[in-house]
J.: 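Structure in C-alpha cells, see below.
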Amino acid sequence: MAIMSNLELKERDWRSLALLTLGFWLSGSLLLDLVVMPVLYTTGMMSDANFATTGYTLFQVFNHIEVFCAALVLTAVLVFRYLHTRVLHRVANWENWSVFLAIALLSVALLFNYLLTPQMGALGIQLNLFQPVTETPSGMDQLHGIYWTLEMLKLVAGGVLLGLIYRHDR
C-alpha cells in the first residue's frame, strides 16, 4: 500500500467536495424540474394570481444556492487542477475540459440568477388585482424555452463534469 503525499490527500479532498457538490446541485435541479414544478402545475397553482410571486421566491432561493454550488465546484476544480499540476508537473487534457465545464456551469447559474428569473418574475406578476389571470403573458414561452435550453446545458455539462471527476479520481 502506497503512502499518499499531503498534496495527493488535499487533491482527493477537493475532488470529493466537487463530486458531493455536483451531486447535490444536479439532484436538486432534477427534483425541482421533475417533481416540484409539475406538482404545482397539476394542482392548478400556476393559474393562481400569487403564483408569479411564489415561483419567483422559490427560484430566487434556488438560484442563489446554484451560484454558491457553481462557485464551489469551480474552486474545487481549479484547486485540484493546481495540486495535480504540482504533483505530476503537467496538466491533463481532462483537467482543461473540467475547468471549461465548471466555468460554463457558473455562467448558467449566473444567467439564471441575474437575468432569467427576474425577467420571468416581472412578466408573470399580476399588477391589476381586479383582473383575473387568463393567459400566459406574451414572451413567457420564449423565456421558458431559454430556461429549458440552459437547464439541459447545465445538466449535460454537470453530468459530464461529474463523470470526468469520478473517472479520474484515484
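We number each residue from 1, following the sequence as shown.
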J.: Do M37 and L34 belong together in a cluster built from hydrophobic side chains that touch within less than 4.5 Å?
T.: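 Yes, M37 connects to L34 through the hydrophobic network.
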J.: Testing L22, L101, V160 one by one against I165 for a side-chain contact (heavy atoms from CB on, under 4.5 Å), which residue passes?
T.: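 The residue from L22, L101, V160 that satisfies side-chain contact (heavy atoms from CB on, under 4.5 Å) with I165 turns out to be L22.
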J.: Within the structure provided, determine whether L17 and F80 are in side-chain contact (heavy-atom separation under 4.5 Å).
T.: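 No, too far: nothing below the 4.5 Å cut-off.
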J.: Determine whether Y147 and L58 fall in the same hydrophobic cluster, where Ile, Leu, Val, Met, Phe, Trp and Tyr are linked whenever their side-chain heavy atoms lie under 4.5 Å apart.
T.: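 As far as the 4.5 Å side-chain criterion goes, L58 and Y147 are connected within one cluster.
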J.: In the single-linkage hydrophobic clustering (I, L, V, M, F, W, Y; side-chain heavy atoms under 4.5 Å), do L106 and L20 co-cluster?
T.: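 Different clusters: L106 never reaches L20 through Ile, Leu, Val, Met, Phe, Trp or Tyr contacts under 4.5 Å.
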J.: Is S107 reaching over with its side chain to a backbone N or O of I103, donor-acceptor style, under 3.5 angstrom?
T.: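 Looks like yes, one N/O pair under 3.5 Å.
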J.: Verify side-chain contact (heavy atoms from CB on, under 4.5 Å) between W148 and D33, making sure each step is shown before the conclusion.
T.: CA-CA 10 Å; W148 284 109; D33 291 339; 3.8 Å; yes
J.: Less than 3.5 Å apart, which donor and acceptor atoms pair up between the side chains of residues 65-76 and the rest of the protein, not counting sequence neighbours?
T.:
residue : atom : partner : partner atom : Å
E66     : OE1  : N63     : ND2          : 3.1
E66     : OE2  : W25     : NE1          : 3.0
E66     : OE2  : K154    : NZ           : 2.3
T75     : OG1  : A71     : O            : 2.8

J.: Can you tell me how far the CD atom of E151 sits from the OG1 atom of T149, to the nearest 0.5 Å?
T.: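 Atom-to-atom, E151:CD and T149:OG1 are 10.5 Å apart.
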J.: Can you name the side chain to side chain contact (heavy atoms under 4.5 Å, CB included) partners of L150, sequence neighbours left out?
T.: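 Side chain to side chain contact (heavy atoms under 4.5 Å, CB included) check on L150 returns V108, L111, F112, L116, I146, L153.
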J.: Between W14 and Y82, is there a side-chain heavy-atom distance shorter than 4.5 Å?
T.: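 The answer is no; the side chains never approach within 4.5 Å.
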J.: Supply the atom-to-atom distance M120 CE to Q142 CD, rounded to the nearest 0.5 angstrom.
T.: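 So the CE of M120 and the CD of Q142 are separated by 11.0 Å.
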J.: Do F24 and V36 belong to the same hydrophobic cluster, where Ile, Leu, Val, Met, Phe, Trp and Tyr are linked whenever their side-chain heavy atoms lie under 4.5 Å apart, directly or via other members?
T.: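 No, F24 and V36 fall in different hydrophobic clusters.
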J.: Applying a strict under-4.5 Å side-chain criterion to I, L, V, M, F, W and Y, I'd like to know whether L115 and Y56 cluster together.
T.: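 Hydrophobic grouping puts L115 apart from Y56.
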J.: Do the side chains of L32 and F59 get nearer than 4.5 Å, heavy atoms only?
T.: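 Counting from C-beta outward, F59 and L32 do come under 4.5 Å.
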J.: Nearest 0.5 angstrom please: L164 CG to L19 CG, how far?
T.: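 It comes to 10.5 Å.
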J.: Output the distance between atom CD (Q60) and atom OG1 (T117), rounded to the nearest 0.5 Å.
T.: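 Between atom CD of Q60 and atom OG1 of T117 there are 8.5 Å.
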J.: Is there a donor-acceptor contact under 3.5 Å from the side chain of T42 to the main chain of V39?
T.: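 Answer holds: yes.
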J.: Please find the pair of heavy atoms, one from N96 and one from R81, that lie closest to each other, and give the distance.
T.: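 Between these two residues, the closest heavy atoms are OD1-NH2, 2.9 Å.
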